[in-house]
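If you read the sequence from its start, that first residue is 1, and numbering goes on from there.
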Amino acid sequence: MADWHWEHDPDDLLDGLTPEATAEVGRLAQEVATRASMVFLDGASYTGPGPGLRTESRGQVMITYLTDVRGERIVVVQVSWFG
């Protein structure tokens, strides 16, 4: 399993969220990154198409993200907090 991680873009995406919301975003994004590492075992060597824009939600948070398979990362592009 590769060392997948998550990032957010733009840099100020998490600004204004409460610490609780930011922590929930981090937990959910890491969960998605871990799952992607198990689905895309080739990681940087992957040559197929990417899965495109996707959403995932847990509890009071929903993230919209892109999976950068070759970069072995999840890029969170939108956060909705329902708390």
Under 3.5 Å: donor-acceptor pair, side chain of E72, backbone of D3
no
Heavy-atom closest pair (G71 atom, H5 atom, distance to 0.1 Å) is O-CE1, 4.1 Å
Where do T67 and P51 come nearest, in terms of heavy atoms and distance?
CB-CG, 3.7 Å
List, one per line, each side-chain donor-acceptor pair under 3.5 Å for residues 14-23, sequence neighbours excluded.
unit_1 : atom_1 : unit_2 : atom_2 : d
T18    : OG1    : A21    : N      : 3.1
T22    : OG1    : T18    : O      : 3.1

Please collect all ring-ring contact (aromatic ring centres under 6.0 Å, His included) contacts where either partner lies in residues 16-38, sequence neighbours excluded, each pair once.
none
Are I74 and L66 close enough, and set up right, to give a side-chain contact (heavy atoms from CB on, under 4.5 Å), and what steps lead you there?
CA-CA 6 Å; I74 298 300; L66 291 165; over 6 Å; no
Please indicate whether R54 has more than 12 foreign heavy atoms, meaning atoms of other residues, nucleotides or ligands, lying under 6.0 Å from its CZ.
no
Which pairs pass ring-ring contact (aromatic ring centres under 6.0 Å, His included) with one or both residues in residues 9-28, sequence neighbours excluded?
none
Hey, could you give me each pair passing ring-ring contact (aromatic ring centres under 6.0 Å, His included) that has a residue in residues 23-68? Not counting sequence neighbours.
F40-Y46
Quick one: which residue pairs count as a ring-ring contact (aromatic ring centres under 6.0 Å, His included) with a foot in residues 6-25, not counting sequence neighbours?
none
Residues 37-48 vs salt bridge (Lys or Arg N to Asp or Glu O under 4.0 Å), sequence neighbours excluded, gives none
Considering residues at least two apart in sequence or located in another chain, which fulfil the side chain to side chain donor-acceptor pair (under 3.5 Å) criterion with D68?
R73
Which residues pass the side chain to side chain donor-acceptor pair (under 3.5 Å) test with R58, sequence neighbours left out?
E31, E56
L28 to S57 - nearest heavy-atom pair and separation:
CD2-CA, 4.1 Å
Quiz: residues 75-83 side-chain donor-acceptor pairs under 3.5 angstrom, not counting sequence neighbours:
none

